[in-house]
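What you see is a predicted model; the values in this text were computed from it and never measured.
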Amino acid sequence: MSWLQVVVLSVLQGLTEFLPVSSSGHLAIASRVFFDDDAGASFTAVSQLGTEAAVLVYFARDIVRIVKAWFGGLFEAARRNADYWLGWWVIIGSIPIGVVGLLFKDEIRTGARNLWLVATALIVFSLVIAAAEYYGKQTRRVEQLTWRDAVTVGLAQCLALVPGVSRSGATISAGLFLGLERELAARFGFLLAIPAVFASGLFSLPDAFDPVGEGMSASGAQLLVSTVIAFVVGFAAVSWFLRFLARHSMYWFVGYRIALGVVVLILLGTGVVAAT
């Protein structure tokens with residue numbers, strides 16, 4: 001992997017990780033369109049460590065408050081407030097993607113990165129996002145979250161294992177279908193992603209140096225720089241996106257996803273870009 005590839009893909013990772021447009025899908029597309037090879041699922045997973053570090057910093061106060069409430073509530077029932085239960089919902093909601101990720105890790109690294117699948121997922125899941133915005137009542141607040149909500153959003157997060165779906169798009173859409181306020185759905189989805197992404201990134205670290213399946217290898221220095229770039233760009237992106245969601249819907253991203261998916265299908269159909 002060249003340094004140009006590292007910089008371009010890391011900036012793209014930071015920009016798209018939190019938007020409902022699929023960062024893994026964008027990295028798969030950009031790798032083949034501009035560099036004629038796939039960066040690989042492992043490089044993508046490791047670069048996501050940077051964006052999740054950005055989430056840790058951005059939500060640091062919330063995370064500290066939730067952790068304190070969770071530990072306090074374990075030993076004292078009177079302290080079991082909304083933050084205490086939110087800690088449990090993040091733990092419970094993280095289980096599905098851990099199980100599915102381990103069961104299908106080989107498919108995620110290989111066949112799931114086929115650009116025909118990525119382009120189709122971009123288009124099809126756009127309809128899911130649009131439906132969530134249209135039908136979501138957006139009336140439920142954090143105090144009303146339940147373990148069923150955590151499981152549902154956690155299962156939706158599993159869809160993000162397919163490049164082109166989008167982790168934030170899946171979790172926010174699930175939250176909207178459940179009637180959560182849009183900003184709450186986004187915040188809960190981002191918190192839910194922290195355990196999954198860090199586990200995936202650390203698990204994929206050895207393979208990023210020497211890919212077992214498809215994908216380019218990267219040096220330790222390149223992976224470090226990639227993580228730093230993704231962190232800086234990702235911090236700016238998550239800050240902007242949450243402010244954007246407070247005033248706008250996700251319809252703005254639906255049109256973009258469909259247009260990108262159609263362009264990729266045309267490139268594939270005309271033989272300009274290879275699917276694998």
Side-chain angles (χ1 to χ4, degrees), residues 1-35 37-60 62-63 113 118 121-122 129 157 160-172 183 186-187 189-205 208 215-216 218-246 248 250 252-253 256-257 260 264:
M1 182 174 289
S2 71
W3 278 103
L4 177 61
Q5 290 169 318
V6 170
V7 172
V8 171
L9 297 179
S10 301
V11 170
L12 193 60
Q13 165 65 29
L15 285 174
T16 58
E17 171 66 19
F18 305 110
L19 307 184
V21 296
S22 178
S23 61
S24 58
H26 274 71
L27 263 64
I29 293 169
S31 294
R32 296 205 182 92
V33 171
F34 298 111
F35 304 115
D37 200 353
D38 185 11
S42 295
F43 175 82
T44 300
V46 173
S47 66
Q48 286 176 336
L49 291 175
T51 47
E52 288 312 305
V55 169
L56 284 177
V57 174
Y58 187 85
F59 289 112
D62 293 339
I63 293 171
R113 298 182 67 79
V118 173
L122 281 169
I129 294 174
Q157 185 177 212
L161 294 172
V162 178
V165 171
S166 168
R167 186 188 308 274
S168 65
T171 54
I172 295 174
E183 190 172 1
R187 286 178 175 269
F190 291 160
L191 291 173
L192 201 62
I194 293 173
V197 173
F198 271 108
S200 175
L202 294 175
F203 180 80
S204 300
L205 193 58
M216 296 176 279
S219 67
Q222 287 176 324
L223 291 175
L224 177 60
V225 170
S226 173
T227 303
V228 172
I229 293 174
F231 168 81
V232 174
V233 179
F235 186 86
V238 69
S239 178
W240 173 84
F241 184 52
L242 287 173
R243 291 198 304 270
F244 178 89
L245 283 183
H248 305 87
M250 292 198 296
W252 289 89
F253 301 100
Y256 169 77
R257 289 175 57 103
L260 178 60
V264 174

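- Looking at every heavy atom in both residues, Gln222 comes nearest to Ser2 through NE2-C, 3.7 Å.
- Contacts of Tyr58 classified as ring pair (Phe, Tyr, Trp, His ring centres under 6.0 Å), with partners at least two apart in sequence or in another chain: Phe235.
- Interatomic distance, CZ of Arg32 versus CG of Leu27, reported as 11.0 Å (0.5 Å rounding).
- Residues Ala160 and Ser24 approach most closely at O-OG, 4.5 Å, considering heavy atoms.
- Proximity of Val11 to Leu15: side-chain heavy atoms (C-beta onward) are separated by under 4.5 Å at one or more points.
- Separation of atoms OG1 (Thr16) and CZ (Phe253) is listed at 11.5 Å; rounding is to 0.5 Å.
- Between Leu12 and Ala30, the shortest heavy-atom distance links the atoms CD2-CB, 3.6 Å.
- Expressed to the nearest 0.5 Å, how far CG of Leu260 lies from CD1 of Ile29 amounts to 4.5 Å.
- Interatomic distance, Asp62 CG to Leu56 CG, rounded to the nearest 0.5 Å: 11.5 Å.
- Ser168 contributes a side-chain N or O that, together with a main-chain N or O of Phe18, makes up a donor-acceptor pair within less than 3.5 Å.
- Looking at Val55 and Glu17, their side chains never come closer than 4.5 Å, going by heavy atoms from C-beta outward.
- Taking both residues in full, the closest heavy atoms of Met250 and Ile172 are given as CE-CG2, 3.5 Å, listed atom of the first, atom of the second, then distance.
- Between the side chain of Thr51 and the backbone N or O of Gly14, no donor-acceptor pair lies under 3.5 Å.
- The ring pair (Phe, Tyr, Trp, His ring centres under 6.0 Å) search around Tyr256 returns His26, not counting sequence neighbours.
- Within 6.0 Å of the CH2 atom in Trp252, the count of heavy atoms belonging to other residues, nucleotides or ligands does not exceed 12.
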Identify all side-chain donor-acceptor contacts of residues 224-231 below 3.5 Å with residues at least two apart in sequence or on another chain.
residue : atom : partner : partner atom : Å
Ser226  : OG   : Ser10   : OG           : 2.7
Thr227  : OG1  : Leu223  : O            : 2.8

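- Residues satisfying the side chain to side chain donor-acceptor pair (under 3.5 Å) test with Thr171, not counting sequence neighbours, are none.
- Residues that satisfy the ring pair (Phe, Tyr, Trp, His ring centres under 6.0 Å) test with Trp240, not counting sequence neighbours, are Phe244.
- The shortest heavy-atom contact between Gly25 and Val118 is CA-CG1, 3.9 Å.
- Put simply, the side chain of Ile194 reaches to within 4.5 Å of the side chain of Ile63, judged on heavy atoms.
- Checked against side chain to side chain donor-acceptor pair (under 3.5 Å), Gln157 has the following partners two or more places apart in sequence or in another chain: Arg167.
- Of all heavy-atom pairs between Gly169 and Pro20, the closest is CA-CB, 3.7 Å.
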